[in-house]
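Reading through the structure tokens given below for one structure.
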2 protein chains.
Amino acid sequence: MPDHGERQLLLLGLLRHQEMHGYQINEFIDEQMAFCVDLKRSTAYYLLERLRHEGYVTEETERTGNRPERRVYRITPAGETHFQALLRTNLATYTPPTYANDIGLIFHHHLPPAEVRTLLETRRQNILAHQEKLKSLATVLPADHLAIIRHHLIHVAAELDWIEEQLS
Amino acid sequence: MPDHGERQLLLLGLLRHQEMHGYQINEFIDEQMAFCVDLKRSTAYYLLERLRHEGYVTEETERTGNRPERRVYRITPAGETHFQALLRTNLATYTPPTYANDIGLIFHHHLPPAEVRTLLETRRQNILAHQEKLKSLATVLPADHLAIIRHHLIHVAAELDWIEEQLS
DNA sequence: TTCGCTATACTCAAGTCTGACTATTTCGGT
DNA sequence: ACCGAAATAGTCAGACTTGAGTATAGCGAA
């Protein structure tokens, strides 16, 4: 995945709130952000190293008790500036997503129509399952995320509209 | 970007229709598919090499006139089988996209509300511009793509609904 | 107390992706 | 006939991503 800056924005945004060590950042992302951002743990470490190289965060190794060393990251003034720039760009930009499942539809005529119908019916079930998962997320995650969950729910609804159009 | 198979599906699907050389494939993708799939030229060459390694296509160098050598790709029987498998999976699956601009909204309170509003207004203009581009694509691309363009248009409409909700 | 399981904290080799570059041919205009 | 621009056809170093692996600490049960 190329770098459009939203993952740096996320990391800087978290560090702006409070200093954190890598594991803590990853835990937070996995628990609260995974539904709207794709960022694996090892990638986060890589990006933090890059942010450090670019002077946007500082890294300090610390140790609590006998636990292994951990690196605590803190945002720098340059990082704050960069954060604001990324935020402004992100808010003003529209990056159309790519829908991985579009490709199949281009070639649907390579299969018998009845089978295509069955397969798309299965897809519809998967969309419904995803919709339920999003709805339950709304009751678990903090209120800041409600707008984003709504965003996803609106798109899932659109997806269901479209696939029902295809099935009819 | 990890490999979920849709790009292989696309390449095999094109080669299933007719043998092609690399440049020709890339031209076709750039002209007809770029709006719904993200696949750069060098990546296409890389994937074709991989498909060859896996026995799904064969590669034959040919030369027309004095032009530089070109590699002609042909799908193999194993490739046909693989194509069908990928197609079935693709049709039955729902892969929720990630919306890169969601991140900004999480941190919107780091900017004055009035500025956020202005920035989102700009985003709205960008969405509208994208919508127009999609509409004009519908008049240019072959009819096979209409369902996909409709898919995109439905999502763009959803996006506009959502952002207007945020602005109100 | 000791065995195994989970949590803590990363590291790295291998896979994947692409912007920038190379090199030749054809073609329209002057 | 010659020049510059566009088309043809890819290559590759370097950047990005991630699954699998490493290593230690705490903690509950037998």
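Just the heavy atoms: all of them, side chains too, but no hydrogens, waters or symmetry mates, feed the values below. In the text below, chain A, chain B and the rest are named by the order of the sequence lines, each starting its count at 1.
The existence of a salt bridge linking Asp38(B) and Arg7(B) is excluded, since no basic side-chain nitrogen approaches an acidic carboxylate oxygen closer than 4.0 Å. We find that Arg74(B) and Glu59(B) are not joined by a salt bridge, their nearest charged nitrogen and carboxylate oxygen being 4.0 Å or further apart. Salt-bridge annotation for Arg16(A) and Glu80(A): present, with a side-chain N of the basic residue lying under 4.0 Å from a carboxylate O of the acidic one.
Remark: side-chain polar atoms of Arg123(B) are paired, donor with acceptor, to backbone N or O of Leu91(A) under 3.5 angstrom.
An OP1 or OP2 oxygen of dG10(D) is reached within less than 4.0 angstrom by no side-chain nitrogen or oxygen of Tyr23(B). The shortest distance between the side-chain N/O atoms of Tyr46(B) and the OP1/OP2 oxygens of dT16(C) is below 4.0 Å.
Protein atom CD1 of Ile25(A) is 15 Å distant from nucleotide atom P of dT8(C), rounded to whole Å. Atom CG in Asp30(A) sits roughly 12 Å away from atom P in dT8(C) (whole-Å rounding). We find that CG of Leu47(A) is positioned 15 Å from P of dC10(C), with the value rounded to whole Å. Taking atom NZ of residue Lys40(A) and atom C1' of nucleotide dA9(C), one finds them 19 Å apart after rounding to whole Å. In this structure, CZ of Arg7(B) is placed 11 Å from C1' of dT18(C), rounded to the nearest angstrom. Remark: P of dC10(C) and CZ of Arg52(A) are 14 Å apart, rounded to the nearest angstrom. Straight-line distance from the CG atom of Asn26(A) to the C1' atom of dA9(C): 10 Å, rounded to whole Å. The separation between Asp38(B) atom CG and dT16(C) atom C1' is 13 Å, rounded to whole Å.
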Give every donor-acceptor pair under 3.5 Å between a side-chain atom in residues 159-168 of chain B and any protein atom, sequence neighbours left out.
from      : atom 1 : to        : atom 2 : distance (Å)
Glu159(B) : OE1    : His151(A) : NE2    : 2.9
Glu159(B) : OE1    : His155(A) : NE2    : 2.5
Glu159(B) : OE2    : His151(A) : NE2    : 3.2
Trp162(B) : NE1    : Ala147(A) : O      : 3.1
Glu164(B) : OE2    : Arg124(B) : NE     : 2.8
Glu164(B) : OE2    : Arg124(B) : NH2    : 3.4
Glu165(B) : OE1    : Arg150(A) : NE     : 3.3
Glu165(B) : OE1    : Arg150(A) : NH2    : 2.9
Glu165(B) : OE2    : Arg150(A) : NE     : 2.5
Ser168(B) : OG     : Glu164(B) : O      : 3.4
Ser168(B) : OG     : Glu165(B) : O      : 3.0

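For Gln24(B) and Leu39(A), each mapped to the nucleotide of DNA chain D holding its nearest heavy atom, the one lying further toward the 5' end belongs to Gln24(B).
With sequence neighbours left out, the ring pair (Phe, Tyr, Trp, His ring centres under 6.0 Å) criterion links His145(A) to no other residue.
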Which protein N or O atoms sit under 3.5 Å from an N or O of nucleotides 11-14 of chain C?
from    : atom 1 : to       : atom 2 : distance (Å)
dT11(C) : OP1    : Arg71(A) : NH2    : 2.7
dT11(C) : OP2    : Arg71(A) : NH1    : 3.4
dT11(C) : OP2    : Arg71(A) : NH2    : 2.1

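Rounding to the nearest 0.5 Å gives a distance of 15.0 Å between NE2 of His17(A) and CG of Leu12(A).
Among the nucleotides dA15(D), dT8(C), dC17(C), the one closest to any side-chain atom of Arg70(A) is dT8(C). Side chain of Glu27(B), nearest nucleotide from dA9(D), dT8(D), dA9(C): dT8(D).
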